[in-house]
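For this chain, numbers begin at 1 and follow the sequence in order. Remember, it's 1-based here, ligands and their atoms both numbered in the order they're listed.
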Amino acid sequence: MNQLINFDEKNKVFHLHNNQISYLLSIEDGNTLAHLYFGKAIREYHGGLRYPRLDRGFSGNLPGSLDRTFSKDSLPQEYSCAGEMDFRTPATIVRQKDGSNATFLTYESYKIVQGKPNLEGLPHSWVKNKEEAATLIITLKDKYGDLKFDLLYTIYRDRPVIVRSVKVRNTGKDTLNLEKVSSMQMDFVDRNFDMITLPGAHAHERHMQRTRVNQGIHVYSSIRGTSSHQMNPFVALVDKDTTEFAGDAYGFAFVYSGNHKFEIEKDPYSQTRVVIGINDYNFNWELQAKDSFQTPEVIMAYSDNGLNKMSQAFHSLIHDRIIRSKYKDQVRPILVNNWEATYFDFTEEKLKPIVDDAKDMGIEMFVLDDGWFGHRDDDNSSLGDWAVFKKKFPNGLDHFADYVHQQGLKFGLWFEPEMISVDSNLYKKHPDYLMHVPGRKPSPARNQYVLDLGREEVRNNIFEQMKKILDSGKIDYIKWDMNRHLSDVYEADLPANRQGEVYHRYVLGLYDLLEKIVDRYPDLLIEGCSGGGGRFDAGMAYYNPQIWASDDSDAIDRLSIQYGTSLVYPQSMMTSHVSVSPNEQNGRITPFKTRGIVAMCGDLGYELDLTKMNEKDRQSVKEQVKEYKKIRKVTQYGTFYRLKNAQTSNQCAWETVSRDKNEVVLSVVKVMASAQPDFTKPKLVGLDPNKPYEDQASHKVYGGDELMNLGIYDPIEHGDFKAYMYHFKAVK
Ligand code: GLA
């Protein structure tokens, strides 16, 4: 079998490689671990390329060395630290017992293991068998102290990705403090990059932003306690002329749902350093003697063919090797959710006709959203009281769940397990569960507060309450929401000098609670949510195979949101609903057909009162549902391509091709109409050029090569926001 990792003793070079990529690291003077290369595969490294030596002013040298041409300040390093002669952004900062931040990391040893070790307590990519991947573990040690850093690099046999993380071990007798411990660092030489990030806001998530990497340090981060709407944990470095289909693209996605920090620094010699990890803001981890700290991991994807290929690498890794749910390969149910239909104003009797209509329209699941528990009639109360609100369900929740099941639909339920309202029984009994700094008044957001999830007692309380509901066996799906960010960060169980651990302990607590639920209820389909897509990250994918992409359900706004989301996350992970027009969030009026076509790009649902629709729209729902059932296997699990971006043009187009290339779904949305419209014709990609394909609506037949080279003209129609969807099938 092909080796995935080699060590060349003579050149002291490690080579991780498969048919697509190579990653090279070398051991240099003073046992410094240096970065040599990451990119397109080479068969063998012959020792040629080596970092040039040059005496650079004010870039000092190794202790005790008279060689002025070797400096850690310019060498591309694999993992740098504070306190030594590297003035660029360090990957780690350690506070030693003597109060200094001095560390000096040197190469000590290496190990190659088949497969990939699991990261305990953290989401991670996994392997199906040991043959599909190998992991290089390089140990660096602090030359003058008792501290070791294991750098983990996993390469998969068939993927253009490397997964990295770091484990820090205190091998001495003294307690140390980790003030920063990143998951990875990478230094590039002679690259003139642009960076692509995914900033946003609530109801405006993941809008692609592309800027130059200039000299200085660029920081993309979250200190909100979650991965956040405001800055998704992802960065891509691309060449200036990289497009969707050409050029180099390096993508970095963090498998973590809490505070993150992406630092991109262009140094004085135009070299680019990337450092990614848990944000060091209010982070200070006490590492006691013999203890270790495992960082979350980063997925690094390389594409030599533009952004689409990079995204496909992420999609397939996240889908195949991060998501674990039994639903990962099953077509996702079409649902109706009562949130935008009723908000808090519902009872069992009011919901039943929606369920009846859903059945009539071929919808497969009813989701009961916020307001079914405690005494919750608005968003001011009851979070933390996960027992049915008798006023709305006098016969209990099971009774209503039975009704939904009798109609042949699955039953889904909303929870917000991480929160507490002051107006709740939980608060009356356990006011200390509310995260707050003693002696200070915590800040509300949406009039709610965060639970101190780092505490086991708090997690157990919520788990026991959820158990009571879920043990009935009548719940098929839950929507796990989180509607505010962390402030007043403090954990009652920890001493003053360890409060810098709270942010991360919160995330570990969340993962622990999720793991318990996933473990006890393997049949439950869990949809993640955080005020829409506020926690849409690869870490959550480990527990939630699908996530509500945004509280903005307007089809036109959704074009940019879904386009940006698709940069990293697979289509099956993204839920998308048809809602009313004018839209509740922005008042825009769009055609029903357009709303359907945009929502069908992800896991389709409806978020409106089905009973209030006119006959024409009711008919449209039936047709959309029927159509979606025909295409969803392709749109949820096929290879996804972005063709046109509505953020930068008047059109959005994307396409999904089944793995066997026998089916294709192309969606096009024209944003604004014009009296003198330009003719546009998307060209398809990824088809078999030799196969004829039949348009399932018009029954016209086109060659795969025709669709890819000539394209097809978009229809010209009056009116803004028109959309078209084509479903082609290869003719046998
Ligand atoms: C969040 C979610 C919505 C809905 C509300 C309920 O905002 O994103 O879909 O569930 O909470 O309060």
Contact atoms of ligand 1, heavy-atom distance to [X] under 4.0 Å:
X: Trp548; result: 8 (O), 9 (O)
X: Asp370; result: 6 (C), 12 (O)
X: Gly531; result: 1 (C), 7 (O), 8 (O)
X: Cys529; result: 2 (C), 8 (O)

*Identify the two heavy atoms, one from Tyr449 and one from Pro442, that lie closest to each other, and give their separation to 0.1 Å.*
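Between these two residues, the closest heavy atoms are CE2-O, 3.7 Å.
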Nitrogen or oxygen atoms of [X] and ligand 1 under 3.5 Å apart:
X: Arg376; result: no
X: Asp551; result: yes
X: Trp339; result: no
X: Gly532; result: yes
X: Ser530; result: no
X: Glu607; result: no

*asked:* Quick check on Met482 - does any of its heavy atoms sit under 4.0 Å from an atom of ligand 1?
replied: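 It does not; every heavy atom stays at 4.0 Å or beyond.
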*Can you tell me if Lys479 has a non-hydrogen atom under 4.0 Å from ligand 1?*
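Lys479: in contact with ligand 1 (<4.0 Å).
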*To the nearest 0.5 angstrom, please state how far the CD1 atom of Ile561 sits from the CG atom of Asp552.*
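Interatomic distance, Ile561 CD1 to Asp552 CG, rounded to 0.5 Å: 4.5 Å.
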_Separation of Asp357 CG from Lys622 NZ (nearest 0.5 Å)_ =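 The NZ atom of Lys622 sits 8.5 Å away from the CG atom of Asp357.
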Quick one: look at [X] and ligand 1, take heavy-atom pairs under 4.0 Å, and tell me if it's side chain, backbone, both or neither.
X: Asn483; value: side chain
X: Arg446; value: side chain
X: Asp379; value: neither

*Please work out whether the ring planes of Phe373 and Trp386 are parallel, tilted or perpendicular, with thresholds of 30° and 60°.*
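Taking Trp386 first and then Phe373, their aromatic rings sit tilted (interplane angle of 30° to 60°).
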_Minimum side-chain heavy-atom gap Gln571-Gln636 below 4.5 Å_ =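 The answer is no, as the side chains (C-beta and beyond) never meet within the 4.5 Å cut-off.
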*asked:* Check for me whether Arg206 meets the cation-pi criterion with Phe536, that is, NZ or CZ under 6.0 Å from the six-membered ring centre and within 45 degrees of the ring axis.
replied: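 Arg206 over Phe536 ring: yes.
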*Would you kindly say whether Trp372 and Asp369 are connected by a side-chain donor-acceptor distance under 3.5 Å?*
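No, because no side-chain N or O of Trp372 sits under 3.5 Å from a partner of the opposite role on Asp369.
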_Glu418-Trp480 side chain donor-acceptor pair, cut-off 3.5 Å_ =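 Indeed, the side chains of Glu418 and Trp480 share at least one donor-acceptor pair under 3.5 Å.
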*Which residue holds the protein heavy atom closest to atom 1 (C) of ligand 1, what is that atom called, and what is the gap in Å?*
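Result: Asp481 OD2, 3.0 Å.
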*asked:* Just to confirm my output: which protein heavy-atom neighbour is closest to atom 10 (O) of ligand 1, and how far is it?
replied: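 Closest protein heavy atom to atom 10 (O) of ligand 1: Asp369 OD1, 2.6 Å.
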*Flag if over 12 foreign heavy atoms under 6.0 Å of NZ, Lys629*: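 More than 12 within 6.0 Å, yes.
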*Can you tell which of Glu607, Glu584, His577 makes a side-chain contact (heavy atoms from CB on, under 4.5 Å) with Trp339?*
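With Trp339 as partner, Glu607, Glu584, His577 yield a single side-chain contact (heavy atoms from CB on, under 4.5 Å), made by Glu607.
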_Determine whether a donor-acceptor pair (N or O, by modelled atom type, separation under 3.5 Å) exists between the side chain of Asp452 and the backbone of Met435._
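Side chain of Asp452 to backbone of Met435, a donor-acceptor pair under 3.5 Å: no, none is there.
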